[in-house]
Amino acid sequence: MSDSRREPAESRSAIPVVSIRDVVAGYIPGVPILKGADMDVAEGELIGIIGPNGAGKSTMLKALFGLIKVTSGEVLLRGKDITGKKAHQLVQQGIAYVPQTENVFPSLTIGENLEMGAFLRPSLFTERRDYIVELFPRLGERINQRAGSLSGGERQMLAMARALMMEPSVLLLDEPSAGLSPALQDQVFIRCREINEAGVTIIMVEQNAKRCLEICNRAYVLDQGRNAYTGTGTELMNDPKVIELYLGTLAAAD
Amino acid sequence: MTTEAVADPLEGVAHVPGVPKPDPVIIADGVLRHFGGLIAVDVEHLEIQRGVITALIGPNGAGKTTFFNLLTGFDHAQAGTRVYNGRELDRRYEIPQWDQAKSTVIGLLGSLIGFMLGAFILARADDQSDPSLTYLVTGFVVAVGVFLYVRNKPGGPQSLAVYGTSTALGTALGTLFAVLVSPTSNWFSTTMAVGWLIGGGLGIGFWRWATGPLPSYEIAQLGMVRTFQLTKVLARLTVLNNMRLGAQNQRGERFLSALFQTWKTQEKEITAKADVLLDRFLLSKMRDEFAGTLSGGQRKLLEMAGVLMTDPEVVMLDEPMAGVNPALTQSLLEHVIELPADGTTVVFVEHNMDVVREISDWVVMMAEGRIIAEGPPSVIGQDQRVIDAYLGAHHDETLEELDKTELAEEVDQDLDEQEEMAEEVEDE
Ligand SMILES: Nc1ncnc2c1ncn2[C@@H]1O[C@H](COP(=O)(O)OP(=O)(O)OP(=O)(O)O)[C@@H](O)[C@H]1O
Ligand SMILES: Nc1ncnc2c1ncn2[C@@H]1O[C@H](COP(=O)(O)OP(=O)(O)OP(=O)(O)O)[C@@H](O)[C@H]1O
Ligand SMILES: [Mg+2]
Ligand SMILES: [Mg+2]
């Protein structure tokens with residue numbers, strides 16, 4: 001396969017948008033989950049994070065988004081230290097985050113959930129909503145349905161849609177394709193790439209490693225709270241060690 | 001697909017929706033569930049073969065989870081029947097089929113006994129003798145009215161018969177009690193009335209229980225267990241205790257053998273079994289942690305390990321591998337594929353087609369609540385409707401191989417089509 005993966009946006013500045021340096025973080029004092037993880041993301045890059053269950057992938061996104069306490073190391077946003085900043089401050093700096101679970105307001109309708117997503121820039125609401133409805137027609141048809149009664153996949157669409165309501169400059173996605181039908185999974189990956197090409201930096205955790213490695217510029221393999229491997233998608237996809245330990249041969253069989 | 005030496009039990013079964021199977025463990029017939037105007041499940045007929053692995057696939061919102069809920073008693077259908085292992089799950093006991101004359105006589109009699117007894121007690125309590133006739137006439141009118149109302153409902157006359165008998169029995173007991181305890185006339189009416197109410201209440205309760213659907217926990221005890229797409233592990237219990245809880249479904253069944261075993265040895269056995277499973281699901285390290293601290297994928301794993309604690313006859317897995325790391329998925333599939341060898345039937349919902357192709361013997365495709373295709377995975381994977389509605393045209397290609405602009409056009413085209421369809425539906 002030729003390396004058709006394009007370089008990220010030309011206007012790439014020298015300072016990474018997001019840096020994680022030797023970060024140690026966890027949920028309970030004295031029990032670190034991230035044990036010195038590193039990551040550098042350039043402007044306009046699409047970064048994948050893969051790894052075993054419980055490796056600390058979601059924890060990494062939470063540390064980045066100010067949801068858990070970082071005990072040592074630093075998190076930088078465009079060179080500025082944001083370690084210890086709270087999530088709501090980071091939202092205002094253009095970071096959007098889609099959690100892995102509990103990512104919609106179950107008692108609100110689809111429409112209200114989308115409004116919550118657009119609270120920073122209400123003026124954008126109509127335009128963004130039209131875009132979302134085009135991306136996920138199902139959400140448009142069911143605008144008044146309570147999010148709690150949606151099917152698993154419909155919920156996932158709504159979670160992603162909510163993050164897209166605010167035109168973020170950095171998008172953190174925790175398993176955006178989980179629970180979606182194969183056709184929709186492909187569409188989500190294609191749209192992610194489109195959004196990325198429009199200049200949005202994306203960091204996505206994925207278990208659909210096959211598709212994730214196909215579209216990302218670079219990826220990190222996380223294991224037990226540390227970086228295990230990093231490289232371009234193609235490199236990782238063809239690395240026998242990575243295949244054995246993380247990818248398996250099931251997906252490659254066809 | 002499994003490659004056993006044994007003959008494929010599904011060989012020769014036609015690839016058409018609703019086709020009968022040689023040895024079905026589950027039969028769903030005319031099962032309908034709608035939420036307001038939205039038809040979530042409308043399954044005309046589906047049989048699930050015993051001892052094989054059946055995959056249920058379909059677009060998001062097709063009704064797969066709702067169908068699982070209906071089969072396992074977590075939700076109730078508006079119509080239809082479900083049979084598991086030859087046992088009807090919608091009715092604990094079969095309602096006796098009376099002919100027209102018999103049901104009229106017995107039903108009317110039951111209604112008259114129940115309501116006229118009530119009227120009689122009220123008249124007696126209200127001791128001016130004049131209005132008693134009014135009471136009795138009213139009681140008669142109500143009795144006939146209620147009978148006419150339920151006459152044509154399934155089980156209607158029977159339920160009136162049960163009601164009449166039980167109120168009569170209740171009143172008799174109440175009266176007897178009054179005679180024994182305090183034979184003053186004032187008390188008499190009150191105890192009779194209390195007896196009437198309790199008897200009638202118990203009768204109605206009994207009837208609802210006897211003719212109602214089996215609740216989810218009883219279905220689980222019969223050997224049909226399931227996992228949830230949005231996991232339901234108990235956050236405040238440790239991982240091990242969640243596993244032990246899984247074993248409880250089985251306790252009832254094992255009651256006799258449990259009597260001869262000390263509680264300790266049984267506990268030990270269960271714990272040993274849990275440990276074996278936790279090991280296989282890579283959760284040993286988390287054994288004594290609260291389940292609430294597990295990562296998303298680990299919760300999925302715990303949920304699946306939990307149902308295997310019971311040695312179920314049928315396991316229903318709702319997207320078991322969503323969020324599970326690919327390498328681990330592969331090793332777990334080796335375990336799932338062995339389940340039919342012990343006679344276990346597996347039904348699973350999954351969006352990962354690699355998994356579906358790898359382990360399923362039979363695939364059922366659902367769309368908009370209906371079963372639209374059935375067959376072995378190789379056939380279903382080629383079915384044009386399945387590709388259009390579910391897989392997408394480019395499922396087997398890498399996204400890189402596709403010309404981007406072409407793809408974007410196609411996506412837009414798809415969306416237009418979907419919009420048109422949506423509009424058509426709206427027009428209807
Ligand atoms: N709220 C919490 N409290 C305590 N420990 C937690 C909590 N959330 C996660 N952990 C632990 O942190 C570790 C890493 O969890 P994390 O959610 O980051 O994993 P992950 O890599 O995202 O896994 P998955 O692919 O299964 O989602 C796990 O061992 C988990 O038990
Ligand atoms: N309580 C409810 N009220 C209203 N609509 C509901 C309710 N429960 C489910 N639905 C709708 O019924 C449809 C079927 O839902 P179901 O969860 O069965 O889908 P599914 O096939 O499991 O989809 P997925 O693959 O996304 O999990 C969906 O469109 C959903 O929004
Ligand atoms: Mg996670
Ligand atoms: Mg579902």
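The model shown is predicted, which means the values in this text are computed figures rather than measured ones.
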Trainee: Which atoms of Gln185(A) come close to chain B, meaning under 4.5 Å heavy atom to heavy atom: side chain ones, backbone ones, both, or neither?
Mentor: side chain
Trainee: Could you check Asp354(B) against Lys210(A) for side-chain contact (heavy atoms from CB on, under 4.5 Å), going step by step and ending with a plain yes or no?
Mentor: CA-CA 11 Å; Asp354(B) 295 321; Lys210(A) 176 169 128 187; 3.8 Å; yes
Trainee: Quick one: does any side-chain atom of Asn53(A) pair with a main-chain N or O of Asn325(B) as donor and acceptor, under 3.5 Å?
Mentor: yes
Trainee: Count the heavy-atom pairs under 4.5 Å between each of Leu230(B), Thr65(B), Leu328(B), Val324(B) and chain A, then report the option with the highest count.
Mentor: Val324(B)
Trainee: If you round to the nearest 0.5 Å, how far is CG of Asn208(A) from NE2 of His351(B)?
Mentor: 12.5 Å
Trainee: Heavy-atom count check: over 12 atoms from other residues, nucleotides or ligands less than 6.0 Å from Arg370(B) CZ?
Mentor: no
Trainee: With a 4.5 Å heavy-atom cut-off, do Pro326(B) and Tyr246(A) have their side chains touching?
Mentor: no
Trainee: Could you tell me which portion of Ile57(B) (side chain, backbone, both or neither) has an atom closer than 4.5 angstrom to a non-hydrogen atom of chain A?
Mentor: neither
Trainee: I'd like to know which of Gly179(A), Pro52(A), Ser177(A), Gly152(A) tops the heavy-atom pair count under 4.5 Å against chain B.
Mentor: Gly179(A)
Trainee: Looking at Pro59(B), Ala322(B), Gly63(B), Gly296(B), which one has more heavy-atom pairs under 4.5 Å with chain A than the rest?
Mentor: Gly296(B)
Trainee: Where do Ser151(A) and Gly61(B) come nearest, in terms of heavy atoms and distance?
Mentor: OG-N, 3.5 Å
Trainee: Using non-hydrogen atoms only, which part of Leu180(A) is less than 4.5 Å away from chain B: side chain, backbone, both, or neither?
Mentor: both
Trainee: Given heavy-atom pairs under 4.5 angstrom as the criterion, report whether the side chain, backbone, both or neither of Leu245(A) touches chain B.
Mentor: backbone
Trainee: Let me confirm one number: the CG-CZ distance from Leu38(B) to Arg142(A), rounded to the nearest 0.5 Å.
Mentor: 4.5 Å
Trainee: Can you tell me if NZ on Lys285(B) sees more than 12 non-hydrogen neighbours from other groups inside 6.0 Å?
Mentor: no
Trainee: Check whether Leu333(B) gets within reach of chain A through its side chain, its backbone, both or neither, counting any heavy atom under 4.5 Å.
Mentor: side chain
Trainee: Search all heavy atoms of Met353(B) against all heavy atoms of Pro182(A) and return the closest pair with its distance.
Mentor: CG-CG, 4.1 Å
Trainee: If I take atom NZ from residue Lys300(B) and atom CD from residue Gln207(A), how far apart are they, to the nearest 0.5 angstrom?
Mentor: 11.5 Å
Trainee: How about CZ on Phe290(B), more than 12 heavy atoms from neighbouring residues, nucleotides or ligands closer than 6.0 Å, or not?
Mentor: no
